[in-house]
**Student:** 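Once you've had a glance at the structure underneath, I'll fire off some questions.
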Amino acid sequence: MKRASKRITKERVHKICGILNQTYSTEYKCYLNYETPWQLLFATILSAQCTDERVNQVTEKLFVKYPTLEAFAHADLKEMEQDIYSTGFYKNKAKNLILCAGQLLERHQGQVPDRLEDLVQLAGVGRKTANVIRGNIFHEPSIVVDTHVKRISRLLYLTKNEDPVKIEQDLMKVLPREQWILYNIQIITHGRSICIARRPKCGECPLQTVCPSCEV
DNA sequence: CTCCCGATAT
DNA sequence: ATATCAGGAG
């Protein structure tokens, strides 16, 4: 097959978005299960270096056992470590959940803040988690650079950077604003099903004609 | 930069 | 055995 151009042209970007929208869902629905904003925040904190499927298994029980921010804030550390054990990094995550719950109650009246500066001040919340909240809860156009977005955006030559902040800026320049949140959700779907980190299934990839890294 | 860290696929 | 999974903090 003819190698796709590495240039970031409007035509190639438009094609990429078109294929993604045609292939994957155009719903603003993430894969983490939650009922309230703070539950999405906590689920996202737990999702660091862990599959969202496992996070959902853990949070299903966790949000029943600890139904409120107050319950989290007053939880026993060792007990919560066991409750979230299988998500990995369980000591850090348990400590952060308890701390974060207290911070939400003290600083924000139990509400999840919408500003990036406030979100990243919370325990266990970095730029990626903050952008997930801004996109999914407050519907603020935002680019979420997770492991899939980083890997696949580089394969597509939409960025040459390694730094998540620079990748975020590159993608904001290139992608239409209304596509920002969708791009993230669709790329995750794509990264789990087709463009798998270990062994990308280029033969089954709908982006063959626009991906410079295509191995077909 | 290092450390945190279990579960799964290959 | 090793890479990878919706990263964040010191």
**Student:** Could you tell me the separation between the NE2 atom of A:H190 and the P atom of C:dC5, rounded to a whole number of Å?
**Tutor:**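 For the pair A:H190 NE2 and C:dC5 P, the rounded distance is 13 Å.
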**Student:** Please confirm whether the shortest side-chain N or O distance from A:T87 to OP1 or OP2 of B:dG6 is below 4.0 Å.
**Tutor:**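 It does not, given that no N or O in the side chain of A:T87 lies less than 4.0 Å from OP1 or OP2 of B:dG6.
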**Student:** Determine the contact category for A:N184: base if any of its heavy atoms lies under 4.0 Å from a base atom, sugar-phosphate if only primed atoms, P, OP1 or OP2 are that close, otherwise nothing.
**Tutor:**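 The residue A:N184 makes base contact.
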**Student:** Could you say whether the aromatic ring of A:Y31 and the base of C:dA6 stack, counting only centre distances under 5.5 Å and plane angles under 30°?
**Tutor:**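 Base of C:dA6: not stacked against A:Y31.
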**Student:** Is it true that A:E168 and A:R127 have a side-chain N and a carboxylate O under 4.0 angstrom from each other?
**Tutor:**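 The answer is yes: the pair qualifies as a salt bridge.
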**Student:** In this structure, how many angstroms lie between the P atom of C:dA9 and the NZ atom of A:K91, rounded?
**Tutor:**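 Rounded to whole Å, this separation is 19 Å.
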**Student:** In whole Å, I'd like the distance from the CD1 atom of A:I133 to the P atom of C:dG7.
**Tutor:**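 Going from CD1 in A:I133 over to P in C:dG7 covers 14 Å.
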**Student:** If you look at every strand shown and take non-hydrogen atoms under 4.0 Å, does A:I84 touch a base, only sugar-phosphate, or nothing?
**Tutor:**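 Since no nucleic acid heavy atom lies under 4.0 Å of A:I84, the category is nothing.
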**Student:** Do we see A:F89 stacking on the base of B:dC5, given a limit of 5.5 Å between centres and 30° between planes?
**Tutor:**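 It does not: the two rings, one from A:F89 and one from B:dC5, miss the stacking criterion.
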**Student:** Between A:T129 and C:dG8, is there a contact of a side-chain N or O with OP1 or OP2 at under 4.0 Å?
**Tutor:**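 The answer is yes; a side-chain N or O of A:T129 sits under 4.0 Å from OP1 or OP2.
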**Student:** Would you mind classifying the nucleic acid contact of A:V149 as base, sugar-phosphate or nothing, using non-hydrogen atoms under 4.0 angstrom?
**Tutor:**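 Contact class for A:V149: none.
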**Student:** What contact category does A:R198 fall into here, base, sugar-phosphate, or nothing, at under 4.0 angstrom with non-hydrogen atoms?
**Tutor:**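 It contacts base atoms.
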**Student:** Go through the side-chain N and O atoms of A:Q103 and A:Q121 and say whether any donor and acceptor fall under 3.5 Å apart.
**Tutor:**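 A:Q121 and A:Q103 do not have a side-chain donor-acceptor pair below 3.5 Å.
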**Student:** Taking only N and O in the side chain of A:Y85, is any of them less than 4.0 Å away from OP1 or OP2 of B:dG6?
**Tutor:**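 Yes, within the criterion.
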**Student:** Regarding A:K166 and A:D163, does a basic nitrogen lie under 4.0 Å from an acidic carboxylate oxygen?
**Tutor:**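 Result for this pair is no, no salt bridge flagged.
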**Student:** Between A:G124 and A:C50, name the one whose nearest nucleotide on DNA chain C is closer to the 5' end.
**Tutor:**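 This one resolves to A:C50.
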**Student:** Can you tell me how far P of C:dT4 sits from CD1 of A:I188, to the nearest Å?
**Tutor:**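 Spelled out: CD1 on A:I188 to P on C:dT4 is 17 Å.
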**Student:** Compute whether any side-chain donor of one residue and acceptor of the other, for A:N131 and A:E140, lie under 3.5 angstrom apart.
**Tutor:**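 No pair is found: no donor N or O on one side chain lies under 3.5 Å from an acceptor on the other.
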**Student:** Between C:dA6 and A:R54, is there an OP1 or OP2 to side-chain N/O distance shorter than 4.0 Å?
**Tutor:**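 No, because none of the side-chain N or O atoms of A:R54 sits under 4.0 Å from OP1 or OP2 of C:dA6.
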**Student:** Which value, in whole Å, describes the distance between the P atoms of nucleotides C:dA6 and B:dC3?
**Tutor:**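 Looking at atom P only, C:dA6 and B:dC3 are 25 Å apart.
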**Student:** Can A:D83 and A:K65 be counted as an ion pair, charged N to O under 4.0 angstrom?
**Tutor:**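 Judged by the 4.0 Å cut-off on N to carboxylate O distance, A:D83 and A:K65 do form a salt bridge.
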**Student:** What's the CD-P distance between A:E162 and C:dG7, to the nearest Å?
**Tutor:**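 These atoms are roughly 15 Å apart.
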**Student:** May I have the distance from A:D83 (atom CG) to B:dC5 (atom C1'), rounded to whole angstrom?
**Tutor:**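 One finds 17 Å between C1' of B:dC5 and CG of A:D83, rounded.
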**Student:** Mind calculating the distance between CG (A:N56) and C1' (B:dT8) to the nearest angstrom?
**Tutor:**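 From A:N56 CG to B:dT8 C1': 16 Å.
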**Student:** With sugar-phosphate meaning primed atoms plus P, OP1 and OP2, does A:T44 contact a base, only sugar-phosphate, or nothing at under 4.0 Å between heavy atoms?
**Tutor:**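 It contacts nothing in the nucleic acid.
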**Student:** Take A:D146 and A:N96, find for each the nucleotide of DNA chain C with the closest heavy atom, and name the residue whose nucleotide sits nearer the 5' end.
**Tutor:**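 Going by which nucleotide is closer to the 5' end, it is A:D146.
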**Student:** Could you check which of C:dC5, C:dA6, B:dC4 has an atom nearest any side-chain atom of A:N92?
**Tutor:**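 The answer is B:dC4, which lies nearest to the side chain.
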**Student:** Can A:T44 and A:Y34 be counted as having a side-chain donor-acceptor contact under 3.5 angstrom?
**Tutor:**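 Note: A:T44 and A:Y34 side chains miss the donor-acceptor criterion.
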**Student:** Applying a 4.0 Å non-hydrogen cut-off, can you work out what A:R192 is touching in the nucleic acid: base, sugar-phosphate, or nothing?
**Tutor:**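 Sugar-phosphate, backbone atoms only, no base.
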**Student:** Expressed as a whole number of angstroms, how long is the span from A:L97:CG to C:dG8:P?
**Tutor:**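 After rounding, the reported distance stands at 13 Å.
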**Student:** Tell me what A:G88 touches on the nucleic acid: a base, only sugar-phosphate, or nothing, going by heavy atoms under 4.0 Å.
**Tutor:**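 The residue A:G88 makes base contact.
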